[in-house]
Visitor: 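Supplied in structure tokens, the structure appears directly below.
No hydrogens, no waters, no symmetry mates; every other heavy atom, side chains included, goes into these values. Since the structure is predicted, the reported quantities are computational estimates derived from the model, not experimental observations.
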Amino acid sequence: MNLPRILFSFLTGLLLSLFLALTFFHLRDFPSPIDRLSLVLVPTLAFGIFLHQTFFSPSAQTRNHQSPVANRQSLLSIPHSPFPTHYSPFSILYSLLSFLPTLALTSAATGFLREVLRTPFGMALFTVVSMTTGTTLGYFLIQRAAQSFRTGFLSKPINLLLALSLPAFLIAVTLSALQFPALFVTEYIRVPQEWLPLFLLTALASIFLSLYIITHYASRITHLLHPFDFAQGKPSSFILHHSPGLYASALFFLIQLVIARALNHPALDHNTVLFESDAGPWMTILASPESAPINRAVHPLSLILIRPLVRLISGPLGEHYALGGMIAVSAVSALCVFMTWLIVKRATNSKTYAFTFAILLGSTATHLLFGALTENYIFGAAALIFFFLLVQKNETRFSFLVPAGLLLFGITITNIVQGLIALFFNKFGFKRLAQYALCVFALGVLLTLAVGILYPKSQTLFFLPNDIAFEFNFANPDNAGVLSDPIRFSDPQSVARKLNVVSRSILLYGIIAPDVIESVSEKPPFPTIDLKTFDVRQKTLAPYRGLSNLPLALWLILLGGAFIMFVKNTRASRHTPLMLGLLGAIGFNLLMHLFYGTELFLYTSYWVYALVLFAALGLSGFAEKTWMQWGLAAIVLAIMLNNYFFVASIFRALDPFYAAFP
């Protein structure tokens, strides 16, 4: 007699019976105690017998896996993988630990997509697929996490601390957003009340489907999670080795999605300006079925590079396409975190070090904001990180570099300069570099013509002087104080002010958010708020106050230390070419923005990645030092806390203006 199996079957039956009796059969309305007792116990007995007889004992299944020869029947009933795998005894605890987070995430996803799911049937179908998949895969991931906690990555306290900081950050951001009903309400992440009984019933039913899959197909699932590499004669290690990076990117996807749901509001088209961004129009351009004109020559290929990706997600959502836009930018933001992990992990072979810098990038002020706004900046950042990933791999084939260059050029044409600088310092050769630049330019022109054909009157042409001339309004001295604030070398005050603005924007603001300037104007028909880090009219810069000076000082120490180590090890370090490329990218942006633009925080996505990677590579010689790892963790947590308050301050500032919009 298998007592645990009997208890599990009948306790589950009691739970199901109570749920049905209370939800559908109105247990309290029955006057007779015997009737109430029968209504609960008889179905409990039926459920218990059914579950006990239908599903094999998990422990028996485990024994069958461990000794397939001893049980001939198991060879017929259980598919076996031809790949070498190792099995652990089935654990109800692991199943429960996978079920509960999956239930919470599925509940939140159902609330997020409630307008898309529309009907109870759609909700039930979504729930059973999500719950079964999540609980099943979660079981094996929890199993792996338990092993890691004992002897692997999570056995180090610093890794555990950083890993736990991410769900804590997610909860904190969600609770902060919920304080402002005009931005975020519980209905966004909660199953509608009228669907709740069916949702819970479907979720409970999914448990048994998941248990059946776990106990019958463990070998195949294990093979999918750890595929066998026949060339190496051992399990492929991609998921295993990169699980911390995948975890960090998944958590930042959820964090960005919460921020995106709060910030992307119709008011962005009318009475709200976030650091001079055009998030409202870009949502229509990228996610809506009709699209809209860009008519900015500096983004020549966005309609064929970014829009198809966003529409792939937003298209099935129909009239609620904005949700797809939010999902897309959050996913690309998470991809940036993962690519940062890949670069640092490849450079140092230290999981803790790479995990820390991946979290650092995700926690920066620019990443939290522009990884949530449906704009083109996060896509440009992803393209830049991907390009440096190729450069680090010493990729020289045009078949890879030209498409990567077109991503840079097509999203924002000036970004191709960063790519050329990276190739130059990595000994690409002047002749090949010129050939490469011509290839990207030629294909860029042809694809821009294709955009003009596919989207008539939506995209100006960067190679026409009159079209590109519009961009010079942001560098024209005649527009100083309104659209531009170029440096004037004849005026010492202008030189000092511009160097102060650019150096703060390049080195500080994108990493550690300052106290944001809130500019409110009484424009009809609604009051308008403009959040900024530099007020070009008043010539005032956003300051750092109070405790925000602590992460600022820590970041400057980190960056300064990385630069000192770079200078010291310039000749000896194998990372020198890549670091020179990163420095060149930062220097290019510094020089360009001495003349171009006013609210430079808008462009920080195009160099914050370079600062983070430069710091990581510069200090890579200390990657395995315990003092360095704990010091980095302290800096990352301080920056995360500071930028949490930055996000919360944006929520607080926007709430009355979002509420005023009809």
Side-chain angles (χ1 to χ4, degrees), residues 19 22-23 100-131 134 167-204 206 251 253-272 279-280 283 287-288 313-314 316-331 368 371-374 644 647-648 650-662:
F19 172 73
L22 290 169
T23 305
L100 293 177
T102 303
L103 181 66
L105 290 174
T106 303
S107 174
T110 302
F112 186 84
L113 297 171
R114 69 192 189 284
E115 296 167 325
V116 179
L117 298 175
R118 289 190 177 91
T119 65
F121 174 77
M123 181 277 300
L125 183 62
F126 175 78
T127 301
V128 74
V129 172
S130 300
M131 286 297 304
F169 192 31
L170 171 62
I171 293 170
V173 169
T174 305
L175 292 176
S176 176
L178 286 170
Q179 296 178 33
F180 306 101
L183 282 75
F184 199 89
V185 291
T186 55
E187 284 74 14
Y188 290 169
I189 53 172
R190 187 183 68 187
V191 177
Q193 194 67 32
E194 63 273 17
W195 289 357
L196 189 57
L198 181 59
F199 172 80
L200 292 175
L201 185 62
T202 307
L204 289 172
S206 300
L251 264 294
F253 169 74
L254 297 176
I255 292 165
Q256 298 291 170
L257 199 57
V258 171
I259 301 173
R261 191 66 181 89
L263 293 184
N264 289 283
H265 189 279
L268 292 173
D269 277 322
H270 300 276
N271 69 335
T272 304
M283 174 68 83
S288 71
I313 300 172
S314 64
L317 305 186
E319 60 185 305
H320 306 292
Y321 60 82
L323 298 176
M326 299 174 203
I327 294 171
V329 295
S330 301
L368 289 173
L373 288 176
T374 308
Y644 160 76
V647 172
I650 292 177
F651 290 165
R652 176 194 53 77
L654 297 184
D655 185 61
F657 294 89
Y658 281 14
F661 183 77

Visitor: If I take atom OG from residue S330 and atom CD1 from residue I313, how far apart are they, to the nearest 0.5 angstrom?
Guide: 9.5 Å
Visitor: Closer than 3.5 angstrom, by distance alone: can the side chain of E115 be matched with the main-chain N or O of H320 as a donor-acceptor pair?
Guide: no
Visitor: Under the side chain to side chain contact (heavy atoms under 4.5 Å, CB included) criterion, do I255 and L368 qualify, and how do the steps go?
Guide: CA-CA 8 Å; I255 292 165; L368 289 173; 4.3 Å; yes
Visitor: Is Y658 reaching over with its side chain to a backbone N or O of L263, donor-acceptor style, under 3.5 angstrom?
Guide: yes
Visitor: Verify side chain to side chain contact (heavy atoms under 4.5 Å, CB included) between L178 and T186, making sure each step is shown before the conclusion.
Guide: CA-CA 7 Å; L178 286 170; T186 55; 3.7 Å; yes
Visitor: Do Q179 and F651 pass the side chain to side chain contact (heavy atoms under 4.5 Å, CB included) test, and can you show the C-alpha distance, the side-chain angles, and the key distance before you say yes or no?
Guide: CA-CA 9 Å; Q179 296 178 33; F651 290 165; over 6 Å; no
Visitor: Indicate the ring-plane relationship of Y644 and F169, choosing parallel, tilted or perpendicular according to the 30° and 60° boundaries.
Guide: perpendicular
Visitor: Could you pull out the closest heavy-atom pair between L183 and L654, with the gap in Å?
Guide: CD1-C, 4.2 Å
Visitor: Which atoms form the tightest heavy-atom contact between L373 and V329, and what is the distance?
Guide: O-CG1, 3.8 Å
Visitor: Do any N or O atoms from the side chain of N264 and from the backbone of A260 form a donor-acceptor pair under 3.5 angstrom?
Guide: yes
Visitor: S107 side chain to L103 main-chain N or O, any donor-acceptor pair under 3.5 Å?
Guide: no
Visitor: Test your reading of the model: is there a side-chain donor-acceptor pair from S206 to the backbone of T202, 3.5 Å cut-off?
Guide: yes
Visitor: Which atom pair, heavy atoms only, marks the closest approach of G325 to S314?
Guide: N-CB, 4.2 Å
Visitor: What distance do Q256 atom CD and M326 atom CE have between them, rounded to the nearest 0.5 Å?
Guide: 13.5 Å
Visitor: Quick check on Q193: does its CD atom have over 12 non-hydrogen neighbours (other residues, nucleotides or ligands) under 6.0 Å away?
Guide: no
Visitor: Do you know the tightest heavy-atom contact between L170 and T174?
Guide: O-OG1, 2.8 Å
Visitor: What distance do M283 atom CE and H265 atom NE2 have between them, rounded to the nearest 0.5 Å?
Guide: 11.5 Å
Visitor: Using the side chain to side chain contact (heavy atoms under 4.5 Å, CB included) rule, take L323 and R261 through it: C-alpha gap first, then chi angles, then the decisive distance, then the call.
Guide: CA-CA 8 Å; L323 298 176; R261 191 66 181 89; 3.7 Å; yes
Visitor: About how many Å separate CH2 of W195 and CG of L200, when rounded to the nearest 0.5 Å?
Guide: 14.0 Å
Visitor: Could you state the interatomic distance from OH (Y188) to CG (L257), rounded to the nearest 0.5 Å?
Guide: 12.5 Å
Visitor: Give me the atom names and distance for the closest heavy-atom approach of L317 to G324.
Guide: CD1-N, 3.3 Å
Visitor: Any idea which heavy atoms bring F199 and T110 closest together, and the distance?
Guide: CE1-OG1, 3.9 Å
Visitor: Can you tell me how far the CG atom of L117 sits from the CG atom of L125, to the nearest 0.5 Å?
Guide: 9.0 Å
